[in-house]
Amino acid sequence: MSDPERSQFLISRPRVPTNEAARFVETRVVVSGQSDAVYSERRDSFVTLQQGKREEQISAEMWKQADKEKEELFDLIEQVQKKFEGKGDNRISDIELRRCKWDQVMVQVQETSRQWKSSPRRTSRAMQCIDKVGQNSEAFKSWLELLPAGDYGAIISGVFTIIIGAASRYTKVEDDIFQALAEIPEILEHSRRYVMIYADVRDSFLEKRTFDLFRSVLRTLSHIMRFFKDSTFRKFSESLLKQGSYKEELSQSLAELRKNSERIQEEANQCQAWRLLRQETMLRQTDQKADQGLHLLQSIYHFLLTSPMLTTNAEAQRVEGDALGRSLVSQAIATIAASPSSSAGEQNDFVRNRTGRRESAATKRALARDSMRKAYKLLTLLNYDPSATSGEVDSCLKLGEALNEDKKSRAVAMIQNARFREFMAEYLASSSLLINGRADVSSAEGLSPLSFVAAKLVRISERMDSSSGHPYVVKYFCNQHPPFLSGSAISPVVELMASFLGQLLAQMIEEEFDVDLSMLTKSHWQKIENSDLKTLYDVFRELTYQLPPKSVLICVIDELTRYEVAPFIKETDIIVKRLTRLALKHDEIVFKLLVTCEGRALDISKYFTNQTETVDLGAEVEPDESASWKISTMELNPIVQSVTVVPWNQIIGVHGFGADASLCIPNKNLPSYTVNVEQLSVPSFEQAYRDFSEFFAKYPGGRNSSAFLFQFVFDKADHATEAAAKALGHKVRAQFVATSGYNRLAVYNNYAGGEETLEDIYSAENLPRLTALKRQWDPRNLFKYQNPLPTQYPNN
């Protein structure tokens, strides 16, 4: 479909969408995958132009079904007008029926009310009915304005204008006629909620109910107009002969109108409920993503705060990283070698492809292959080596083991800093944070404690894989890439940006993303090959917009002050300016930019303008003798969470880690003799263990019994052990009852062995209340297993 066609459709459609956001998208934005998309109120979504036209056609055809009844009513009105014309009443006959509006009806209501105030022949009931039309006009007028364009609303307004305007000529009209007329707007007044909903939501089902209601109104008005057409001024008695059947038909039409009104209210409420449900679902999904993102950041901070920072498995991590790097690079080279050469087509602007096109499955597969080839080509141009970045982290963690107590204290001070905690675990939005260690770098030796914390943060983040998902992580440790010493012709700042781009792209490939690099032109590819800093950043920025919404991307730059020297000052300034701006404006994902400096950042600090974006650790941090303990022994290992859905008949086994297997042993008896205690008695335990020792010595068949739970295990055929176990169970339990703090035996229901009384399990004080509840909620004793409550108790 051409653009002029779409523009013509938007201009000519009967109703402009009330959704302002939809109107904005229609006129300002091209919807992805639908270049000719238009908004459909009936679906509350965007559809193709062809689908939009089809919906309007279906709607128009439905309303045309009422054209015959509408024209018949127009014919009746014109006949009545001619009757008035013959009697010289041009005031009513001059009304333009097909352009009549409700405002004209209200003028007639006011005029008729004024005349009737001085007319003794009119009944008070008829006057009340006409007044009621005026009182209930607001919702009815709003409803008429919601009818399709044309004369759908005009015909109804025309009937009301004619009848109310001519009412004074019929002195013997029964009040039922005026009561029926007044009831129509009154019914719509009671359906005010539907009118409000229909004004906001043009649901297809609601439109169908509106059409049915419109036809009911037409039929009722037709009955009323036939009365005026068939009546005469002088021989009104002739029409009175027909009042019996006429009034019955009028009553039936009003009943149908009320029924359709009830249906439409029900449909409107259901429509609104579905709409609210969709909105609530969207909000819940958004909140869920936000909650997951926040939980993810909180988990990372928690593990950083409590992880063993002095114990690392650096060697294993290094080998793992090397293997991944070799695999990824080899795969990239092999893929490129096996693929036909291709170059990206020239485009005018470096922008994301937001339009999208509907492609065939074969085309999509071809595009996916082309995207993958471009992604691996980009990795090759970047000289990306994942083992190098992993090795940097391993090196920092290894060197961190040698930190002295002062540096450990500074590491703890950074982790426990309130602003760092807020940045990592409390503020779910893209943000940046600069941490200045304010150490005397001229005399500093060894690894910076901030570098150690940064490395630990990276490692924890990379390994985080919880129910809330995992973050994307890019990192660069400038102290591992000192300027002037690498011998590379490429600026270290360019290497930093190239590393970021390679890390993010590699993670997207690993996640099997359909990476879109179609924005890259020949010129861009050439600039990347020439290590153009701005182009590298632009590609990195574009990839962040291809991450799933509400994803968490953690960007760590450690010791960036090393590059605040000539000739790298300008490039460092460019990168920090752009990354902080990205953190400020990125609202599609959570982009966390962390920059750490052992000393103090110089010129780049101007981009961390907000006080909450900068942390200056004290120049002197009080030595903390417990720093090593806080860093390494707060918690030995991260918590692992696993959520699994299991069948009901496996709950005990899964929840108890297979404990049900030890409780259901073939050909074994497992009697237990448990007891509740309010206090523990050491002498009782000592005596119990002595008794169990004697039992184990005399009865080897019972040595699998538990002296702590007083649960015995023995063969069913071993009657001697069974008798000894029973005697010992009663003896030990009696000893603990005597010292338990209770005045009698008390046992939990789940641990009762079967010999206990109801009073032992539920207590005599609670049984009357519990049995009363049992009679109320379970009179048929459905819950009858495992020491059930009775429905009657002697004390009830």
Audit row: Tyr699, Glu694, side-chain hydrogen bond (donor to acceptor under 3.5 Å, both in side chains) steps and yes/no:
CA-CA 8 Å; Tyr699 302 96; Glu694 294 179 6; over 6 Å; no
Would you please say whether a donor-acceptor pair under 3.5 Å links the side chains of [X] and [Y]?
X: Glu759; Y: Tyr793; answer: yes
X: Ser59; Y: Glu207; answer: yes
X: Glu511; Y: His470; answer: yes
X: Asn704; Y: Lys668; answer: no

Measuring only between side-chain heavy atoms, which start at C-beta, is [X] closer than 4.5 Å to [Y]?
X: Val732; Y: Gln687; value: no
X: Leu789; Y: Leu767; value: yes
X: Phe712; Y: Thr721; value: no
X: Trp777; Y: Phe783; value: no
X: Asp715; Y: Asn667; value: no
X: Ser431; Y: Phe423; value: yes
X: Thr220; Y: Ile184; value: yes
X: Thr210; Y: Ile264; value: yes

Separation of [Y] [atom2] from [X] [atom1] (nearest 0.5 Å):
X: Lys774; Y: Lys784; atom1: NZ; atom2: NZ; value: 10.0 Å
X: Ile761; Y: Tyr748; atom1: CD1; atom2: OH; value: 13.5 Å
X: Leu457; Y: Lys592; atom1: CG; atom2: NZ; value: 11.5 Å
X: Glu512; Y: Glu510; atom1: CD; atom2: CD; value: 9.5 Å
X: Ser693; Y: Lys698; atom1: OG; atom2: NZ; value: 12.0 Å
X: Gln546; Y: Phe513; atom1: CD; atom2: CZ; value: 9.5 Å

Is the side chain of Arg775 donor-acceptor paired with the backbone N or O of Thr791 at a distance under 3.5 Å, no angle test?
yes
Take Phe211 and Gln65 through the side-chain contact (heavy atoms from CB on, under 4.5 Å) test and state the conclusion after the steps.
CA-CA 9 Å; Phe211 172 71; Gln65 296 175 24; 3.8 Å; yes
So with a 6.0 Å cut-off around CZ of Arg690, is the heavy-atom count from everything else above 12?
yes
Taking it one step at a time, do Asp212 and Asn260 satisfy side-chain hydrogen bond (donor to acceptor under 3.5 Å, both in side chains)?
CA-CA 7 Å; Asp212 293 338; Asn260 281 323; over 6 Å; no
Before you tell me yes or no, could you show the steps for Glu183 and Arg258 under salt bridge (charged side-chain N to carboxylate O under 4.0 Å, His left out), namely the whole-Å CA-CA distance, both residues' side-chain angles and the distance that decides it to 0.1 Å?
CA-CA 9 Å; Glu183 191 167 346; Arg258 295 187 200 98; 2.5 Å; yes
What's the verdict on side-chain contact (heavy atoms from CB on, under 4.5 Å) for Gln711 and Tyr673, showing C-alpha distance, side-chain angles and the deciding distance?
CA-CA 6 Å; Gln711 183 176 55; Tyr673 300 87; over 6 Å; no
Would you name the heavy atoms of [X] and [Y] that are closest together and state the gap between them?
X: Thr674; Y: Arg733; answer: O-CD, 3.2 Å
X: Glu756; Y: Leu745; answer: CG-CD2, 4.2 Å
X: Ser261; Y: Leu213; answer: N-CD1, 4.0 Å
X: Arg419; Y: Leu433; answer: O-CD2, 4.4 Å
X: Ser705; Y: Val713; answer: OG-N, 2.9 Å
X: Ile589; Y: Ser430; answer: O-OG, 2.9 Å

Carefully, step by step, assess Tyr472 and Ile554 under the rule side-chain contact (heavy atoms from CB on, under 4.5 Å).
CA-CA 6 Å; Tyr472 300 90; Ile554 298 176; over 6 Å; no
side-chain contact (heavy atoms from CB on, under 4.5 Å) evaluation trace for Asn676 with Tyr742
CA-CA 8 Å; Asn676 291 355; Tyr742 291 100; 4.0 Å; yes
When you look at Lys259 and Glu256, which way does the salt bridge (charged side-chain N to carboxylate O under 4.0 Å, His left out) test go after all the steps?
CA-CA 5 Å; Lys259 190 173 183 180; Glu256 181 188 3; over 6 Å; no
Provide the full list of salt bridge (Lys or Arg N to Asp or Glu O under 4.0 Å) pairs with a residue in residues 734-744, sequence neighbours left out, each pair given once.
Arg744-Asp760
Assign the ring pair Phe695 / Phe692 to parallel, tilted or perpendicular, where the plane angle (0 to 90°) is split at 30° and 60°.
perpendicular
